[in-house]
Amino acid sequence: MEHQVFVPVPADSLRAVLRDPARVARCVPGLQQDADAESGPLSGRLKVRVGGNTVTYRGALSITERQPDVFAVDGEGTEIRGSGTVKLSVVLRLTTEGDGSRLDFTAGATADGRAASFAPEATVTAVRRFLDRAAEHLAAAAVLSDPVAEAEEAADAADAADAADAADAADAADGDPGDVGEVVASVFEAEVPPPALDPFLEGEIEELAAPRPPAEAAHARRTMIGRSAEEVDHAPPRGRYAPVPAPASTSAGQNLRWLAPAAALAVASAVVLGRALRRRH
């Protein structure tokens with residue numbers, strides 16, 4: 001199959017990315033690189049989605065520059081969960097077009113296993129979508145500078161800054177120490193003016209003075225001084241915070257106190273009345 005993609009990036013920038021396998025690996029959609037560095041940056045796992053099916057292959061890719069504007073990509077992989085294999089070959093041609101570049105893809109592949117059962121229309125759609133995403137990533141990598149080169153430049157700049165700081169420190173150590181002593185003495189001998197909003201100044205800003213605590217709170221604070229934390233936690237509250245006895249208990253005690261004499265008087269009256277009735281009969 002053939003496919004074309006236009007990107008607003010010069011061909012020279014794209015060519016610089018295609019010549020670096022490590023940068024090409026970041027342009028392959030869905031590629032998970034192997035942790036083993038000896039296998040190369042273009043080896044690992046590649047997840048492919050065709051229609052409603054997803055297949056993961058483990059394999060490797062290789063890229064070769066046939067001409068200044070022609071690159072060949074060859075690869076093969078094996079299914080992670082199966083025995084199916086796939087082999088592919090892609091030829092990429094770069095053509096300058098206006099302010100950008102046109103990428104012409106010519107792709108071919110042979111597959112067995114699960115990939116052989118996919119519908120041809122779904123396979124073509126998935127491959128075109130894959131090439132479009134790869135072209136977008138390639139253009140983005142070409143616009144951005146090489147991260148490795150940036151890291152090296154940053155390290156060189158840091159080393160130069162450290163060397164300049166060391167030279168400045170050496171020059172300062174060779175200077176006259178008397179000047180430093182005068183500066184230090186003048187700093188420590190300077191008088192510090194009082195703050196403009198000091199609430200404790202005599203006769204100034206009386207509104208900022210904090211209100212005094214109530215007498216009961218001050219008394220409670222004085223009584224807690226010198227007592228342990230456990231005694232303070234378990235000490236009963238005093239003053240207006242002391243518990244007030246329930247009125248029901250007081251009224252019940254008063255009723256019981258008057259109930260006993262009344263009961264005795266009733267019993268005595270009943271005895272006297274019984275004796276009087278007996279005498280009459």
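No donor-acceptor distance shorter than 3.5 angstrom exists from the side chain of R93 to the backbone of D69, with no hydrogens or angles considered. Listed for the E2 side chain is no donor-acceptor partner under 3.5 Å among the backbone atoms of F105. Of the possible polar contacts, one joining the S101 side chain to the V9 backbone as a donor-acceptor pair under 3.5 Å is found. Judged by distance alone, with hydrogens and angles left aside, the side-chain atoms of R15 form a donor-acceptor pair with the main-chain N or O of P68 at under 3.5 Å. A donor-acceptor pair under 3.5 Å is absent between the side-chain atoms of E97 and the main chain of R102, judged by distance alone.
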*May I have the step-by-step check of side chain to side chain contact (heavy atoms under 4.5 Å, CB included) for L14 and D12, ending in yes or no?*
CA-CA 5 Å; L14 297 176; D12 294 338; over 6 Å; no
*Mind running salt bridge (Lys or Arg N to Asp or Glu O under 4.0 Å) on D74 and K87 for me, showing each step along the way?*
CA-CA 8 Å; D74 298 322; K87 293 183 179 181; over 6 Å; no
*Starting from the C-alpha separation in whole Å, work towards a yes-or-no answer on side chain to side chain contact (heavy atoms under 4.5 Å, CB included) for V127 and T125.*
CA-CA 6 Å; V127 172; T125 302; over 6 Å; no
*Test side chain to side chain contact (heavy atoms under 4.5 Å, CB included) on T78 and R58 and set out the steps.*
CA-CA 5 Å; T78 305; R58 176 185 291 277; 5.7 Å; no
_side chain to side chain contact (heavy atoms under 4.5 Å, CB included) for L88 and E76? Distances and angles first, verdict last._
CA-CA 6 Å; L88 59 91; E76 59 180 7; over 6 Å; no
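Contact check for T110 versus V86: no side-chain heavy atoms found under the 4.5 Å cut-off. The shortest distance between side-chain heavy atoms of L138 and V17 falls below 4.5 Å.
Judged purely by distance below 3.5 Å, without hydrogens or angles, the side chains of D104 and H3 never pair a donor atom with an acceptor atom. No hydrogens or angles considered: a donor-acceptor pair under 3.5 Å links the side chains of T85 and D112. Side-chain contact, R45 with T56: no donor N or O sits under 3.5 Å from an acceptor N or O.
Contact record, Y57 with A115: OH-CB, 3.3 Å, taken as the closest heavy-atom pair. Of all the heavy atoms in Q33 and P41, the pair that sits closest is NE2-O, 2.7 Å. Here the closest non-hydrogen pair linking V55 and R114 is CG2-CZ, 3.9 Å. Scanning all heavy atoms of the two residues, the minimum distance from A141 to C27 falls at CB-SG, 3.8 Å. Residue I63 comes nearest to L18 through the heavy atom pair CD1-O, 3.6 Å, listed as atom of the first residue, atom of the second, then distance. Closest of all the heavy-atom pairs between L103 and A135 is CD2-CB, 4.1 Å.
Between the CE atom of M1 and the CG atom of L131 there is a distance of 6.0 Å, given to the nearest 0.5 Å. Note that NE2 of H137 is 11.0 Å distant from CG of D132, once rounded to the nearest 0.5 Å.
The side-chain contact (heavy atoms from CB on, under 4.5 Å) test with F71 is passed by exactly one of T64, L94, V91: L94.
Two different hydrophobic clusters hold I80 and L42 under the rule that ILVMFWY side chains link at heavy-atom gaps under 4.5 Å. Hydrophobic clustering (ILVMFWY, side-chain heavy atoms < 4.5 Å, transitive): V24 and V143 are in one cluster.
Checked against side chain to side chain donor-acceptor pair (under 3.5 Å), E136 has no partners two or more places apart in sequence or in another chain. Under the rule for a salt bridge (charged side-chain N to carboxylate O under 4.0 Å, His left out), the partners of R19 that lie at least two apart in sequence or sit in another chain are E65.
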